[in-house]
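Quick caveat, the model's predicted, so the values are computed rather than measured. Every heavy atom of this structure was used, including side-chain atoms; hydrogens, water molecules and symmetry mates were not.
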Amino acid sequence: MRERLLDDSTARLRQDAAAELSQAEPAAGRGVIESWDLSVGVDGPGTRFAVFTCGCPLRCLYCHNPETWRMRDGRRVTVDEVMAEVDRYRRFISVAGGGVTVSGGEPLLQPRFTGEVLRRCHESGLHTALDTSGFLGDRASDALLADTDLVLLDIKSSDPEGYPRLTGGSLEPTLRFARRLAGLGRPVWVRFVLVPGYTDAEDNVDGLARFVATLGNVERVDVLPFHRMAAGKYARLGLVFPLADVRPPDGALLRRVHAQFAAHGVTSV
């Protein structure tokens, strides 16, 4: 019964995710966000001012930000408002070797807003980062990417057959975007969430390591252990957390995965 309820809930969420692709982008100079915050070590180098946009075309089973899924649930802001907030912390984040990260949700669901924030930060001398699944990488113009100092690219799996079950989307757009970034020479940190029973298979990890090793622009792979800390968010939103019974990876599994990346000459942390 629980499995059937989970399947029904996941199907409804993925229908909802598909609807996000048809949402109209806000007018020029405006965007929809869930929040902004300061972070250290999780959204790029140094202390970051992170802007979390709303709206995402995927529904990853392990997502820890369900509050960012729907654009209609977010707060409408102008780019000027974002930059005014950035300016409050500019000296602090600069001294701390950080910068500004546009995350989500999926920031490329709002490429005009995301691109304008990145451009203004980049032109003012701040380090910029884009945190994306790459699923909508075709929406990122070369100009947007030129204003992006670092791409945090979430490659959730290397298995094209298992990818839809894990995310509700296709793997190929992300791989295509990764190759494009390599062609442009844009620095990338790959993010890989290690989920026991879903992404931890040896051939899946090897497949990702082999692909990353071909790119030439990936500085490192962040192996992010799955956790259940978002369970409370799901409960508050009246949602079922699909992986509530999955345990975080243990030390032995983490060591094996890091060894697999190292065997392909890929730096992982």
Side-chain angles (χ1 to χ4, degrees), residues 9-37 39 43 48-86 100-121 128-141 143-145 147-148 151-154 156 163-164 166-170 173-174 177 191 193 230 232-242:
S9 174
T10 300
R12 288 194 299 272
L13 289 176
R14 286 175 176 169
Q15 289 173 355
D16 184 61
E20 287 300 304
L21 288 171
S22 64
Q23 294 292 312
E25 188 175 4
R30 297 179 179 274
V32 183
I33 70 168
E34 196 280 324
S35 62
W36 48 50
D37 202 358
S39 68
D43 296 302
R48 314 292 298 183
F49 181 90
V51 181
F52 297 94
T53 63
C54 273
C56 185
L58 302 178
R59 290 294 180 269
C60 301
L61 296 180
Y62 56 76
C63 180
H64 64 278
N65 287 326
E67 71 278 14
T68 68
W69 283 349
R70 302 191 301 184
M71 197 181 296
R72 62 183 177 272
D73 292 338
R75 174 162 62 102
R76 292 186 175 269
V77 296
T78 66
V79 174
D80 286 341
E81 288 175 313
V82 174
M83 294 308 301
E85 195 69 16
V86 168
V100 175
T101 299
V102 185
S103 184
E106 174 49 68
L108 293 180
L109 196 63
Q110 302 178 57
R112 188 162 49 191
F113 171 74
T114 295
E116 181 67 8
V117 171
L118 291 170
R119 181 186 67 80
R120 290 180 59 174
C121 290
T128 56
L130 171 68
D131 182 5
T132 175
S133 70
F135 183 69
L136 299 180
D138 290 347
R139 296 191 180 189
S141 67
L144 182 155
L145 295 176
D147 289 322
T148 304
V151 177
L152 306 174
L153 182 60
D154 300 318
K156 302 166 190 297
Y163 200 87
L166 183 69
T167 71
S170 169
T174 295
F177 185 55
R191 292 178 141 185
V193 181
K233 291 184 181 180
Y234 282 78
R236 288 192 295 274
L237 293 169
L239 299 171
V240 176
F241 183 37

Heavy atoms only: give me the nearest [X]-[Y] pair and the separation to one decimal.
X	Y	answer
Gly31	Pro26	CA-CG, 3.9 Å
Ala24	Met71	O-SD, 4.0 Å
His64	Ala230	CA-CB, 3.6 Å
Leu153	Phe177	CD1-CD2, 3.9 Å
Asp43	Ala50	OD2-CB, 4.0 Å
Leu58	Ser133	CD1-OG, 3.8 Å

Is any side-chain heavy atom of [Y] closer than 4.5 Å to one of [X]?
X	Y	answer
Pro107	Leu130	yes
Leu108	Leu144	yes
Phe113	Ile33	yes
Leu21	Leu109	yes

*To the nearest 0.5 Å, what is the distance between CG (Leu118) and OG1 (Thr148)?*
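Leu118 CG to Thr148 OG1: 4.5 Å, rounded to 0.5 Å.
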
*Which value, rounded to the nearest 0.5 Å, describes the distance between Arg48 atom CZ and Asp131 atom CG?*
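That separation rounds to 10.5 Å.
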
*Between Tyr234 and Trp69, what is the ring plane arrangement, given parallel below 30°, perpendicular above 60°, and tilted in between?*
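The rings of Tyr234 and Trp69 stand perpendicular, inter-plane angle above 60°.
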
*Any chance you could lay out the side chain to side chain contact (heavy atoms under 4.5 Å, CB included) test for Asn65 and Lys233, step after step, and finish with the verdict?*
CA-CA 8 Å; Asn65 287 326; Lys233 291 184 181 180; 3.2 Å; yes

_Would Tyr62 and Lys156 count as a side chain to side chain contact (heavy atoms under 4.5 Å, CB included) here? Give the steps._
CA-CA 10 Å; Tyr62 56 76; Lys156 302 166 190 297; 3.1 Å; yes

*Are there more than 12 heavy atoms of other residues, nucleotides or ligands under 6.0 Å from atom CZ of Arg112?*
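Yes - once you tally the heavy atoms of other residues, nucleotides and ligands closer than 6.0 Å, there are more than 12.
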
*Pair Cys121-Met83, side chain to side chain contact (heavy atoms under 4.5 Å, CB included): steps then yes or no*: CA-CA 8 Å; Cys121 290; Met83 294 308 301; 3.8 Å; yes

*asked:* Name the residue from Arg70, Arg72, Arg59 that meets the salt bridge (Lys or Arg N to Asp or Glu O under 4.0 Å) definition with Glu20.
replied: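 Between Glu20 and the candidates, salt bridge (Lys or Arg N to Asp or Glu O under 4.0 Å) is satisfied uniquely by Arg72.
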
*Sort out for me which residue in Asp80, Asp147, Thr128 forms a side chain to side chain donor-acceptor pair (under 3.5 Å) with Arg120.*
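When Asp80, Asp147, Thr128 are each tested with Arg120, the side chain to side chain donor-acceptor pair (under 3.5 Å) holds only for Asp80.
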
*Between the side chains of Thr53 and Glu106, is a donor N or O closer than 3.5 angstrom to an acceptor N or O?*
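No, Glu106 and Thr53 have no side-chain donor paired with an acceptor closer than 3.5 Å.
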
